[in-house]
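A short worksheet on the structure shown next.
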Amino acid sequence: MSLQKQQILNKEIESFDFQSGGEASSDLKNILRKLGVPSAIVRKTAIITYELEMNVVIHSLGGEITALISEDELEIRVDDSGPGIEDLDKAFTAGFSTASDEIREMGFGAGMGLVNVKRYADQIDVKSSKDDGTHVKVIINLAN
Amino acid sequence: MKLKTVKSLLNTDTIFEASAEKDDLEVKNACGADLMSDVLAFSNEKTLLLTGLTNPQVVRTAEMVGIQVIIFVRGKDPQIETISLANQLNIFLYSTDKPLFEACGLLYKNGIGPEEMNFIETSK
């Protein structure tokens, strides 16, 4: 069985671009469908990627999203260039959000983003610092 | 319930729909929400979203969870970008003058059940 991962998506995400925000997640969803990934996995991957992509749009100075696939797992990497998450524990608390009223009026900032990602991911690793931005790595199992 | 009946109960205006055949689309359950993360967090497979939000991210959210129909409540008209994205993704858009609570109540009373709150099954 091949464990080597193949890159299937790499896309830049612009800060505060609410028109194109979500396109990378949409692209990934379509790619996974074409690869024949089961629909329940496609759906949870779409939710995870979309939450992370919108986090970059809403909270960061811009970043990129990369997806890699092997026979066993799907790896999603979302990297931004700052300003970093001040308190990671709080960021994983349901209902906690630092989003502005303007963002909330658009339907975001419910404080469920990373909570959702953690719920659906099989593994999650978040590193964040002021100097280096936020780096999220999510693993979704494809084989049991 | 057929989409045709939903449209009639809520007296909707059509903003975008692919073809008239879609009146036969079966709407089994629905959700009403103004927070997109709640739609992503608590929703299972469903067909209909009632919301007061009109920006393109509503259509994106619908795409991610497989919602086919969006009804904007309180007589709101969506942004042109929202309509254009819905067109691209083949998601139908309607508007109703009714507020969210009343629109949900009318559909519930007439037989559309609540969505199942089961989370997506994971391998954990």
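On a predicted model such as this, the values are computed, not experimentally measured, just so you know. Letters A, B, ... are given to chains in the order of the sequence lines, protein chains preceding strands, and every chain is numbered from 1.
Only the side chain of B:Asn55 comes within contact range of chain A, with heavy atoms under 4.5 Å apart. Contact annotation for B:Leu35: both backbone and side-chain heavy atoms come within less than 4.5 Å of a heavy atom of chain A. With a 4.5 Å cut-off on non-hydrogen atoms, B:Thr61 touches chain A through its backbone and its side chain both.
More than 12 heavy atoms of other residues, nucleotides or ligands sit less than 6.0 Å from atom NZ of B:Lys2. Residue-environment remark: CD (A:Glu12) stays at or below the threshold of 12 foreign heavy atoms within 6.0 Å. Annotation for A:Glu102: atom CD does not count as buried by contact number, only 12 or fewer foreign heavy atoms lying within 6.0 Å. Residue A:Glu14 qualifies as open at atom CD: its count of foreign heavy atoms under 6.0 Å is 12 or below.
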Could you give me the CA-CA distance, side-chain angles and deciding distance for B:Val65 and A:Arg43, then say whether side chain to side chain contact (heavy atoms under 4.5 Å, CB included) is met? CA-CA 6 Å; B:Val65 293; A:Arg43 194 165 176 272; 3.7 Å; yes

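For residues 76-86 of chain B, a heavy-atom distance under 4.5 Å to chain A picks out B:Gln79, B:Glu81, given by residue number. The contact list for residues 95-109 of chain B toward chain A, using heavy atoms and a distance under 4.5 Å, is empty.
Side-chain contact between B:Met64 and A:Ser26 is present, with at least one heavy-atom pair separated by less than 4.5 Å. The shortest distance between side-chain heavy atoms of B:Leu40 and A:Met112 does not fall below 4.5 Å. In this structure the side chain of A:Glu23 reaches within 4.5 angstrom of the side chain of B:Arg60, judged on heavy atoms.
Hydrophobic clustering places A:Leu74 together with A:Val37 (ILVMFWY residues linked when any side-chain heavy atoms are closer than 4.5 Å, directly or through intermediates). A single hydrophobic cluster is seen to contain both B:Leu89 and A:Ile47, as judged by linkage of ILVMFWY side chains at heavy-atom distances under 4.5 Å, directly or through other members. In terms of hydrophobic clustering, with Ile, Leu, Val, Met, Phe, Trp and Tyr side chains grouped at heavy-atom distances under 4.5 Å, A:Val136 and A:Ile139 are assigned to different clusters. Hydrophobic clustering of Ile, Leu, Val, Met, Phe, Trp and Tyr side chains at less than 4.5 Å, counting indirect connections, unites A:Ile13 with A:Ile8. In this structure, A:Ile65 is not a member of the same hydrophobic cluster as A:Leu68, with clusters built from ILVMFWY side-chain heavy atoms closer than 4.5 Å.
Contact count against chain B (heavy-atom pairs under 4.5 Å) is highest for A:Gly21 among A:Gly113, A:Gly21, A:Ala110.
The two residues A:Lys29 and B:Gly66 have their closest heavy-atom pair at NZ-N, 4.4 Å.
Distance alone, capped at 3.5 Å, places no donor-acceptor pair between the B:Gln57 side chain and the A:Met106 backbone.
The CG atom of B:Asp34 sits 14.0 Å away from the CZ atom of A:Arg104 when rounded to the nearest 0.5 Å. Rounding to the nearest 0.5 Å gives a distance of 9.5 Å between CG of A:Leu114 and OG of B:Ser37.
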